J.: 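I am attaching a structure below and will ask some questions about it afterwards.
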Amino acid sequence: MKDLKKTSVFMSLILRHKPEAIGISLDSHGWASVQDLIAGINKTDGYYLDMDMLETIVRTDNKQRYSFNDDHTLIRANQGHSINVDVELKEAEPPEQLFHGTGEKSAASIRKEGLKPQSRLYVHLSKDKGTAEKVGARHGKPHIFFVHSGKMFRAGYKFYLSENGVWLTKSVPPEFLGER
Ligand code: HQG
């Protein structure tokens, strides 16, 4: 069945965390062969994918999670990986303040330890509070932290902006966090 949403969620698992789920691998820059991805997904019970559908998913994804290479023979996720790939993130100077949404239950630990990437390669930050609220709501009652990204940057911490506009950094020490 052509279920774009269902296939897209599965693709994000494959391209960020678990390519072996369909017996494929990613190269060191996170790329998967489009042919292998389509074949692997079609071999999986309950899933369907063809090239037209894949083009539609990549073009219409609400967070622009995926990119093709020039001739659309390779595909990768733009951010969010837990496996160690180098998606050639661009270093950039962040705005003065960024936001991180989390669950209320994690707030005390974050105040103490700062933000850690947990199972992913980076801590994910957003430039608007609305996005952070949505991300936070995935973890229960949302709680928003402000990140003094300008100060961090001037102190020498590196920031990256993914192809789809997510700000990433390795970790955020507690002294650069704020709440209101
Ligand atoms: C929390 C979505 C306790 C952190 C979104 C988060 C995002 C701590 C959780 C992307 C902690 C990790 C990533 C500490 C961090 N103590 N908890 N010291 N430091 N945490 O899913 O940021 O829709 O790995 O606050 O849009 O929620 O999937 O990260 O709650 O960009 O494309 O540990 O996923 O994108 O959770 O989400 P996650 P996230 P997609």
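Keep in mind it's a predicted model, so treat the numbers as computed, not measured. Order of appearance sets the numbers: ligands from 1, and atoms from 1 within every ligand.
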J.: For ligand 1, what is the set of protein residues having any non-hydrogen atom at a distance below 4.0 Å?
T.: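 Only Arg16, Lys63, Arg65, His100, Thr102, Ser106, Ser109, Ile110, Glu113, Gly114, Leu115, Lys116, Gln118, Arg120, His124, Val135, Arg138, His139 have heavy atoms that fall under 4.0 Å of ligand 1, ordered by chain and number.
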
J.: List in chain and number order the residues that pass ring pair (Phe, Tyr, Trp, His ring centres under 6.0 Å) with His72, two or more places apart in sequence or in another chain; answer none if no residue qualifies.
T.: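 Scan of His72 (ring pair (Phe, Tyr, Trp, His ring centres under 6.0 Å), adjacent residues dropped) gives Phe68.
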
J.: Do Glu88 and Arg76 sit within salt-bridge range, that is, some charged N less than 4.0 Å from a carboxylate O?
T.: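 Yes, Glu88 and Arg76 are salt-bridged.
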
J.: Taking only residues at least two apart or on different chains, which pairs with a member in residues 116-127 satisfy side-chain hydrogen bond (donor to acceptor under 3.5 Å, both in side chains)?
T.: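 Pairs touching residues 116-127 that pass the test: Gln79-His124.
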
J.: For His143, which of Glu104, Glu179, Lys105 qualifies under side-chain hydrogen bond (donor to acceptor under 3.5 Å, both in side chains)?
T.: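 In the set Glu104, Glu179, Lys105, the residue that makes a side-chain hydrogen bond (donor to acceptor under 3.5 Å, both in side chains) with His143 is Glu179.
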
J.: Between Lys2 and Asp50, is the salt bridge (charged side-chain N to carboxylate O under 4.0 Å, His left out) condition met? List the steps.
T.: CA-CA 9 Å; Lys2 290 197 181 196; Asp50 60 37; 3.0 Å; yes

J.: Once side-chain hydrogen bond (donor to acceptor under 3.5 Å, both in side chains) is applied, what residue pairs with a partner in residues 147-158 remain, sequence neighbours excluded?
T.: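 Those involving residues 147-158 are Glu96-Arg154.
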
